[in-house]
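Structure first, commentary second.
Each chain gets a letter, A, B and so on, in the order its sequence line appears, and its residues count up from 1. All values below were derived from every heavy atom in this structure, side-chain atoms included, with hydrogens, water molecules and symmetry-related copies excluded. Being a predicted model, the structure only gives us computed values, none of them experimental.
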Protein chains: 2
Amino acid sequence: MTTIKDIAKEVGVSVATVSRALNDSGYASSGVKKKVLDAARKLNYVPNEVARSLYNNKSRVIGVLVPDISNPYFPRMIRGIEDAANENNYRILLGNTDQNIDKEKKYLEIFHQNNCAGIITATWTVEKSIQNLKVPVVMIDRVNDKYVSVEADNFKGGRIQADHLIEQGAKHILIIAGPEKYSSFRNRTIGASERLNDLKINCEVKDSISVRTLMDKSDVKFFRGFDGIICPNDMYAYEVLSFLNENNINIPSEIKIIGFDDLEFSKWVSPELTTVRQPIYEMGKEAFALLIQEDEKNKRNILDVELIQRKST
Amino acid sequence: MTTIKDIAKEVGVSVATVSRALNDSGYASSGVKKKVLDAARKLNYVPNEVARSLYNNKSRVIGVLVPDISNPYFPRMIRGIEDAANENNYRILLGNTDQNIDKEKKYLEIFHQNNCAGIITATWTVEKSIQNLKVPVVMIDRVNDKYVSVEADNFKGGRIQADHLIEQGAKHILIIAGPEKYSSFRNRTIGASERLNDLKINCEVKDSISVRTLMDKSDVKFFRGFDGIICPNDMYAYEVLSFLNENNINIPSEIKIIGFDDLEFSKWVSPELTTVRQPIYEMGKEAFALLIQEDEKNKRNILDVELIQRKST
DNA sequence: TTGTACGCGTTATCAG
DNA sequence: CTGATAACGCGTACAA
């Protein structure tokens, strides 16, 4: 690896001068500057980020924490973060936590050890472990009064789910609620059920675990009690779809189904899934922008959602 | 951040002694050692990886290059790499290249700047850009005589696709070939077509672009000429499935379809997709193991594949 | 057994 | 405008 020292030797100046010439900082006569630049190119010089990080006590790396990258919700989010990072000359250190608090703590420490410039996290237990980090933190799809966050408009999304099913003529609606502890899921459920109650539409809220149990027991009768189902996300909707298909219940004529997320695969299930699109990629980009933003930033950043109508409703 | 200097001050010894005590290197009296360890814990000391990297000219970070993490093929691979890396106290710097050679070059340089200990890559044009890297490189799903590689047994996979369709009674088989330039796709096609030819089964090979054109033109007649379709991967199979479903061609009774990969979603399409499973997660783990393996390593590492029979055949 | 001193590559300060 | 030097945090010869 060629260093500024090599360049200095080549050109016959001091490392200080090389550094100044390379960084346009301080002064450097245009003659020397040119010679330094030429030598740098000739010797294939690339600055050593590690040395820079050590000097600055800060690297151009940000830590990104997700529960599990295999969960199809996250890749596009990460892609958004990375694209934004790339544009700003930052790189990404990736960590999967499996929502395990020990893994989270370990990664937080690793990020710290690596002088990471900031952290973007989509994990849940993290609030207990993120304690006194000195670097900025942005949470995605998660709200915490201590940190800046980016989320989709889950309330509105829930209302859209409800409104759409009503428009399509549903009269008895099942709302499958996602895990209680996640604010995003909670808000969707609240948005949908409030709207349904306001409109005096018959509805029942059931948590995802018990609905899955019902499917395991092949309790078709339960589902026949409804003509519309609001799912907490697309992945869950795939399961429901699959179960109803197997039991020869026609979708959408007998039961209409709507998801949440708009994963790529929602185009491929049968019938194609109607869903509420949340801008996952953009949320990633936004999270990065907030992370490096110097000036005053909003604590809560809520991105809009929209209905994507397909064949399941 | 507390450093060894702080510990030294606390305990009243030199930084050298602290370093030795912490690393069990050189000598340190057990009394001092204990005091150092206690102070380290008390002060919440964590070693600074950046300083270590600088000193060693090597970090505990590896660079991982994929075309696009949004492509559902890659997340599980990355997860495999990360799990293995984690077990060995390494971290992952992630780069998406979009198969753009400039992005690849840029990331290669970034990895270099960050003293990365090695590189795992799943991108294709990289062979032209990876030139004289001084760190180990492992390619996934890609073969190159210069580097160590991990791949699935694509030949065998192709033969499995062919055999299975034959077993299920197909007589006129369409093989959709993936992009010619990727050895993995090429080998699948070769495996399948050789087997079909050996067995004198009627078959036609067509490239994926032109088949997609046929679907765009809604040329159902073309597809009706076959009773079995071998797809280059699961994603492509979803498209075919969707097209045939729309055109009311019954699967599997009229046409049988088999994919390749066994993505998670193959369980959710309708009918559920029969496919050849390649061990993507394990390939990631294996790639990492090879990367840090010191002793003699195989140039080509081929992992086994298996038939996953579902409802589309 | 311990401390001093140096180097890893970079940037900033300060004196010339 | 330029060069010598200190500093970032760590690890290791070498001297004591």
Side-chain angles (χ1 to χ4, degrees), chain A residues 1-37 39-40 43-61 89 109-117 134-135, chain B residues 1-37 39-40 43-61 89 109-117 134-135:
Chain A
M1 199 174 69
T2 77
T3 71
I4 51 172
K5 213 184 260 177
D6 300 320
I7 300 182
K9 207 178 298 170
E10 172 85 10
V11 179
V13 294
S14 73
V15 292
T17 303
V18 173
S19 175
R20 277 189 299 253
L22 253 22
N23 297 302
D24 256 336
S25 63
Y27 299 85
S29 71
S30 61
V32 184
K33 195 172 190 170
K34 188 179 176 325
K35 275 199 274 188
V36 168
L37 259 31
L43 298 176
N44 261 318
Y45 169 78
V46 289
N48 184 318
E49 283 289 340
V50 177
R52 278 190 178 166
S53 302
L54 183 60
Y55 182 82
N56 296 320
N57 274 318
K58 179 159 285 193
S59 73
R60 295 197 74 82
V61 173
N89 204 26
E109 190 172 299
I110 287 172
F111 294 161
H112 180 53
Q113 292 178 320
N114 285 80
N115 287 0
C116 283
K134 282 140 217 118
V135 296
Chain B
M1 198 172 71
T2 76
T3 69
I4 51 172
K5 212 185 263 177
D6 301 320
I7 300 181
K9 206 178 298 171
E10 173 84 11
V11 179
V13 294
S14 74
V15 292
T17 303
V18 174
S19 175
R20 277 189 297 253
L22 252 23
N23 297 301
D24 256 336
S25 63
Y27 299 85
S29 71
S30 61
V32 181
K33 197 171 188 172
K34 189 179 176 322
K35 275 199 275 187
V36 168
L37 258 31
L43 298 176
N44 262 319
Y45 169 77
V46 288
N48 184 316
E49 282 290 340
V50 176
R52 279 189 176 167
S53 302
L54 186 58
Y55 179 81
N56 297 318
N57 275 317
K58 179 159 287 191
S59 73
R60 294 196 75 82
V61 173
N89 204 27
E109 190 172 299
I110 287 171
F111 295 161
H112 180 53
Q113 293 179 319
N114 285 79
N115 286 0
C116 284
K134 281 141 216 116
V135 296

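- Taking side-chain N and O atoms only, B/T3 has no distance below 4.0 Å to OP1 or OP2 of D/dG9.
- Proximity of A/T17 to A/V11: side-chain heavy atoms (C-beta onward) are nowhere separated by under 4.5 Å.
- Counting heavy atoms from C-beta outward, A/N23 and A/S19 have side chains that approach closer than 4.5 Å.
- Whole-Å rounding puts the A/H112 NE2 to D/dG9 C1' distance at 12 Å.
- Residues A/Y45 and A/L22 have side chains in contact (heavy-atom distance under 4.5 Å, counting atoms from C-beta outward).
- Two residues are said to be in side-chain contact when any heavy atoms from C-beta on lie closer than 4.5 Å; A/N114 and B/V61 meet this criterion.
- The side chain of A/T17 places an N or O atom within less than 4.0 Å of a non-bridging phosphate oxygen (OP1 or OP2) of D/dG3.
- Rounded to an integer number of Å, the gap from CG of B/L54 to P of D/dG11 is 12 Å.
- The two residues B/L54 and A/V50 have their closest heavy-atom pair at N-CG1, 3.6 Å.
- Rounded to 10 degrees, the angle separating the terminal axes of the helix from C/dT1-D/dA16 to C/dG16-D/dC1 is 60°, with each axis obtained from five end pairs.
- Not a single donor-acceptor pair under 3.5 Å links the side chain of B/R52 to the backbone N or O of B/S59.
- Atom CG in B/N114 sits about 13 Å away from atom C1' in C/dG9, given to the nearest Å.
- Going from atom CZ of B/R60 over to atom P of D/dG9 covers 21 Å, rounded to whole Å.
- Going from atom CG of B/N115 over to atom C1' of C/dC8 covers 9 Å, rounded to whole Å.
- Taking every side-chain heavy atom of A/M1 into account, C/dG9 is the closest of D/dT2, D/dC10, C/dG9.
- Proximity of B/R52 to the phosphate of D/dG9: no side-chain N or O atom is located under 4.0 Å from OP1 or OP2.
- Taking NE2 from B/H112 and CE from A/M1, the interatomic distance works out to 6.0 Å, rounded to the nearest 0.5 Å.
- For the pair A/K5 and C/dC8, the criterion of a side-chain N or O lying under 4.0 Å from OP1 or OP2 is met.
- Here C/dT2 presents its P atom at 11 Å from NZ of B/K33, a figure rounded to the nearest Å.
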Expected rows: protein N/O vs nucleotides 12-16 of chain C N/O, under 3.5 Å:
unit_1 : atom_1 : unit_2 : atom_2 : d
C/dA12 : O4'    : A/Y55  : OH     : 2.5

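- Protein atom CG of A/N57 is 17 Å distant from nucleotide atom P of C/dT10, rounded to whole Å.
- Within the structure, side chain to side chain donor-acceptor pair (under 3.5 Å) contacts touching residues 24-35 of chain A (residues at least two apart or in different chains) are A/D24-A/K33, A/K34-A/D38.
- Among the atoms of the strands shown, none is found under 4.0 Å from any heavy atom of B/V50.
- Put simply, OH on A/Y27 is 19 Å from P on C/dT11, counting in whole angstrom units.
- Here the shortest heavy-atom pairing between A/E10 and A/A39 reads CG-CB, 3.9 Å.
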